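Structure first, then comments.
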Amino acid sequence: MAEASQGGKTGQSLSGQVATTSGQAAVAALPAVDSPQDYERLYRHSTCEGEAFWAEQARCIDWLRPFEQVKNVSYATEDLHIRWYEDGLLNVCVNCVDRHLATRRDKTAILWQGDAPADTRSISYGELHTQVCRLANGLQAQGIDSGDRVVIYMPMVPEAVFAMLACARIGAVHSVVFGGFSANALADRIIDCGAKMVITADAGVRGGKSIPLKANVDAALARAGTECVDAVLVLERSGADIAWQAGRDIWYHELVARQADRHSAAGVGAEHPLFVLYTSGSTGKPKGLQHCSGGYLVYAAATFRYVFDYREDDVYWCTADIGWITGHSYVVYGPLANGATTVMFEGVPNYPDLGRFGQIIDRYRVSLFYTAPTAVRTLMSDADAALAGSGRDSLRLLACAGEPINPGVWRWYSDAFGNGRCPVIDTWWQTETGGVMIAPLPKATALKPGSATRPFFGIEPQLVDANSDILTGAADGHLVILDAWPGQARTIWGDHQRFIDTYFSTHPGMYFTGDGARRDADGDYWITGRVDDVLNVSGHRLGTAEIESATVSHPAVAEAAVVGFPHPIKGEAIYIYATPVAGIEANTELTAELCAWVRKELGPVATPDRVQWTPGLPKTRSGKIMRRILRKIAADDFASLGDTSTLAEPGVVEELIAGRLNRA
Ligand code: WT7
């Protein structure tokens with residue numbers, strides 16, 4: 001294994017490898033993308049000479065051993081593999097931290113804003129290096145090795161980033177679990193990835209409320225058993241009272257206090273897993289998407305640079321939690337690989353008041369701002385309050401991701417929040433894609449409110465029909481991607497067959513996104529939403545199958561079906577149709593109990609919005625639940641229910657309509 005710089009000076013290369021500034025020089029040498037012509041030219045190059053393009057992008061990061069083979073991919077279901085730069089050796093953490101020390105030691109890496117407005121921290125690249133080295137030493141002292149899995153269940157505090165980078169530094173595979181997930185959901189993830197350690201905090205603080213993270217870890221481990229996890233590292237964040245298990249629990253501050261602030265980082269192969277991140281699908285339990293080190297970093301870094309038109313003096317803020325892919329790629333890896341200043345926010349948009357986002361933008365002079373449409377809709381719900389107390393004149397770009405943004409919301413974001421001076425960059429992508437796939441480039445793409453517009457370099461989207469035939473020109477269909485890109489997830493942790501079945505079998509030879517889309521006459525893409533049973537609640541992805549399974553695990557529920565319905569702030573909300581067990585009377589108490597139950601099973605992100613009790617569900621004669629009908633009734637749009645003649649008991653529909661909970 002090659003040794004990386006120990007955080008020394010520029011050009012110092014311990015084993016005669018690449019100088020630490022080579023990647024920065026490569027960035028400076030890239031052609032500018034300042035016009036539609038520039039975009040067309042580079043896009044053509046990126047697809048016609050894909051390997052050359054991706055080799056140029058990969059030289060923007062520092063390799064301990066340069067790669068020779070750029071791409072080795074097969075989308076054939078019998079031999080599916082995706083590998084990029086596979087003979088190259090690198091260290092992701094060194095790329096995000098050490099290599100900036102020569103030129104950016106005193107530059108702010110993380111600008112942290114706590115839940116309470118007075119709570120702030122500023123962490124320079126030099127300080128980041130020290131903190132990450134200490135923790136990397138601490139993890140190794142605890143016996144964490146390259147390839148071991150570490151679950152990170154933390155609030156949005158700098159130590160969560162230290163933890164991700166320390167794992168990357170020693171080759172451990174992190175799996176960040178969003179703090180809004182329950183103990184049960186956490187246990188499932190710990191078991192599935194076989195974590196050796198959990199890093200958490202005593203409690204999180206959000207919107208003035210305490211989130212019992214350590215208690216959830218205790219409960220999760222009581223369920224998961226201790227055969228895999230032998231240590232819990234606990235950050236003191238809130239001072240909350242917590243239970244302590246001697247021999248297992250370790251205080252974060254005590255562990256790092258004992259460590260040296262230098263750490264010699266070894267390189268890993270480009271395909272070495274960097275992290276596993278769980279997301280919901282249409283069936284079964286959440287799946288752990290496995291992302292690699294080299295290709296992922298190249299992709300996160302390149303998309304960050306182009307999509308946000310990043311410049312050295314920008315102050316960049318992405319509001320996503322690090323528990324989601326957006327937090328991984330655009331709070332942590334993309335910005336830090338570019339030596340950017342990344343703002344990290346612990347709180348919520350409406351605490352202490354709805355003006356919070358604007359106030360933080362003014363305080364830090366944020367120039368690039370990235371959030372989710374659901375947050376914009378929250379601000380719009382009381383626009384005066386949202387805009388009060390801030391001018392937001394430091395902004396030069398606004399971006400969004402996670403769900404469709406309707407044109408009215410897009411315009412308010414642009415005109416009111418951005419004072420009409422900023423492009424709005426609507427970015428379409430997924431946990432599986434690692435980084436942005438379809439988005440306008442600020443100086444090179446004509447913007448259209450509601451459209452994610454054009455593919456990023458090297459990305460070949462297409463629309464197909466139910467027979468997998470490619471549709472040309474203006475069309476509406478399933479969104480697929482024809483060929484691989486470096487940031488693509490490599491597999492599902494522990495279940496490669498599920499990876500193949502989920503993404504490469506519906507439309508053989510192509511990556512199937514699970515989304516539908518429309519392409520207009522100009523060739524711009526409009527994402528129309530999931531075509532499978534996946535909901536998007538406040539930008540959070542939830543499978544109807546997992547909500548159903550949590551619902552029927554309640555002893556009073558015999559059967560259940562879950563659908564989404566349109567919601568003004570959340571985008572989509574959860575509607576449960578449940579049949580009570582014979583002899584049980586469904587009443588408002590039972591409804592409240594069931595909501596609390598589901599919330600406890602899955603976490604606050606999955607709190608049901610409606611529970612309609614029903615003696616029966618609409619099923620075909622073969623027993624398949626007709627969700628199409630349930631979706632229409634939930635949306636209070638039952639005039640055209642379509643063909644119901646195949647139902648086993650057509651009378652059920654009348655009853656469901658009569659008892660519907662959403663009424664205009
Ligand atoms: C699903 C992926 C953006 C990464 C974070 C979410 C939906 C995402 C958009 C957009 C319309 C979008 C899709 C996608 N989605 N971005 N700009 N416009 N829909 O990642 O949790 O894996 O969710 O979010 O349905 O499949 P995720």
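We count ligands from 1, going down the list as the structure has it; atoms in each ligand are counted the same way. Note that these values count all heavy atoms, side chains included, but never hydrogens, waters or copies made by symmetry. The structure displayed is predicted, hence computed values, not measured ones.
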Ala401 heavy atoms within 4.0 Å reach ligand 1 at atoms 3 (C)

With sequence neighbours left out, the residues meeting salt bridge (charged side-chain N to carboxylate O under 4.0 Å, His left out) with Asp476 are none

If you compare Glu403, His328, His540, Glu432 by their heavy atoms, the one closest to atom 19 (N) of ligand 1 turns out to be Glu403

Identify the protein heavy atom lying closest to atom 23 (O) of ligand 1, giving its residue, its atom name and the separation to 0.1 Å.
-> Arg541 CD, 3.5 Å

Does a salt bridge link Lys448 with Asp426, judged by any charged N lying under 4.0 Å from a carboxylate O?
-> no

Nearest to atom 15 (N) of ligand 1 by heavy atom, Gly539, Gly402, Gly450: which?
-> Gly402

With a 4.0 Å cut-off, would you call Asp637 and Arg631 a salt bridge?
-> no

Closer than 4.0 angstrom: is that true for some heavy atom of Pro404 and an atom of ligand 1?
-> yes

of all protein heavy atoms, closest to atom 4 (C) of ligand 1 is Trp429 CE2, 3.4 Å

What protein heavy atom is closest to atom 20 (O) of ligand 1, reported as residue, atom name and distance in Å?
-> Thr431 N, 3.7 Å

May I ask you to decide whether Lys285 forms a salt bridge with Asp188, counting only side-chain N to carboxylate O separations under 4.0 Å?
-> yes

Quick one: nearest non-hydrogen protein atom to atom 5 (C) of ligand 1, plus distance?
-> Thr326 OG1, 3.2 Å

Kindly state each residue pair satisfying side chain to side chain donor-acceptor pair (under 3.5 Å) with at least one member in residues 402-411, sequence neighbours excluded.
-> Arg377-Glu403

Part of Asp515 with heavy atoms under 4.0 Å of ligand 1, whether side chain, backbone, both or neither = side chain

Where ligand 1 meets Asp426 - atom numbers and elements under 4.0 angstrom, heavy-atom basis | 10 (C), 17 (N)

Just wondering, are more than 12 heavy atoms of other shown residues or ligands nearer than 6.0 Å to NZ in Lys600?
-> no

Can a salt bridge be assigned to the pair Lys443 and Asp309 using a cut-off of 4.0 Å between side-chain N and carboxylate O?
-> yes

Ionic contact status for Arg627 with Glu548, cut-off 4.0 Å | yes

Element-labelled atoms of ligand 1 that are located less than 4.0 Å from some non-hydrogen atom of Asn536 | 7 (C), 24 (O)

What atoms in ligand 1 come closer than 4.0 Å to a heavy atom of Ile527?
-> 11 (C), 19 (N)

